[in-house]
Amino acid sequence: AMVCANANHVVQKYIVVMKPSDCDFIAHELLQLGQTGVLKLARHKYGYRVLQRLLEHLHLHQVFGLCEILCKDAAALSAHRFGTYVIQDLLAYRATEFGSSITRQLCQYMADVC
């Protein structure tokens with residue numbers, strides 16, 4: 001549903017409208033995809049939006065595992081067409097917890113590129 005042009009809107013709306021505790025199963029299911037699946041979703045033209053809503057509306061303990069996975073690949077995601085929006089939301093909503101890790105990666109990436 002998260003990679004479907006229409007169904008992803010339903011999942012997003014559910015996340016926005018329902019209580020964070022009612023959305024636990026979504027974060028849990030995404031974690032079951034593993035690192036490869038979560039990163040693939042962050043790069044998907046519809047899937048990245050679901051990750052954004054989760055980062056915006058769920059509590060840290062609910063998305064911590066997802067954040068850790070996303071942080072590990074922050075430099076590559078930030079350079080991706082859709083992944084960049086996930087990293088921007090991670091910085092906007094979870095900067096206290098993950099901002100320094102992302103910043104270090106981006107600085108190292110820039111040093112390698114330049």
Side-chain angles (χ1 to χ4, degrees):
M2 292 179 227
V3 295
C4 174
N6 297 312
N8 84 86
H9 293 290
V10 175
V11 176
Q12 288 183 68
K13 190 67 169 182
Y14 183 89
I15 294 166
V16 171
V17 172
M18 299 303 287
K19 296 183 296 187
S21 60
D22 293 333
C23 300
D24 269 339
F25 75 96
I26 299 171
H28 179 74
E29 286 297 318
L30 292 181
L31 282 173
Q32 297 304 308
L33 298 174
Q35 181 173 340
T36 303
V38 171
L39 294 175
K40 185 176 179 180
L41 191 65
R43 291 178 173 95
H44 191 274
K45 64 181 174 179
Y46 306 124
Y48 82 92
R49 298 172 186 172
V50 173
L51 285 171
Q52 284 184 291
R53 297 301 87 75
L54 290 171
L55 294 173
E56 293 166 4
H57 296 280
L58 270 62
H59 300 295
L60 178 61
H61 71 276
Q62 294 174 288
V63 294
F64 191 84
L66 294 172
C67 292
E68 285 186 317
I69 291 170
L70 296 168
C71 277
K72 289 178 186 174
D73 204 34
L77 285 173
S78 68
H80 187 270
R81 180 172 145 186
F82 303 119
T84 188
Y85 298 114
V86 176
I87 297 303
Q88 287 174 33
D89 266 20
L90 197 52
L91 287 169
Y93 296 98
R94 306 294 174 203
T96 303
E97 299 85 4
F98 299 100
S100 61
S101 172
I102 293 171
T103 302
R104 276 194 305 276
Q105 281 191 51
L106 293 177
C107 288
Q108 182 61 51
Y109 176 76
M110 293 305 294
D112 292 345
V113 172
C114 295

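This chain uses plain numbering: 1 for the first residue, then up along the sequence.
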Q12 versus R49, side-chain donor and acceptor atoms under 3.5 Å: no
Y14, OH atom: more than 12 neighbouring heavy atoms under 6.0 Å: yes
Single-linkage hydrophobic cluster, 4.5 Å side-chain cutoff, L70 and L31 together: yes
Over 12 foreign heavy atoms within 6.0 Å of CZ, F82: yes
Derivation and outcome, side chain to side chain contact (heavy atoms under 4.5 Å, CB included), residues L30 and L54: CA-CA 11 Å; L30 292 181; L54 290 171; 3.4 Å; yes
Whether H59 and H61 hold their rings parallel, tilted or perpendicular, with breakpoints at 30° and 60°: parallel
Heavy-atom donor-acceptor pair, D89 side chain to V86 backbone, under 3.5 Å: no
Side chain D22, main chain M18, donor-acceptor under 3.5 Å: no
Any donor-acceptor N/O pair, S78 side chain to A74 backbone, under 3.5 Å: yes
NZ/NE/NH1/NH2 to OD/OE distance under 4.0 Å, K19 and D24: no
Between Y93 and F98, ring centroids under 6.0 Å: no
Qualifying residues under ring pair (Phe, Tyr, Trp, His ring centres under 6.0 Å), relative to H44, sequence neighbours excluded: Y46
Test item: R94 side-chain N/O and L55 main-chain N/O as donor-acceptor pair under 3.5 Å: yes
ILVMFWY cluster, V10 and V17 together (side-chain gap under 4.5 Å): no
Those residues that, when tested against E97, pass side chain to side chain donor-acceptor pair (under 3.5 Å) (two or more places apart): none
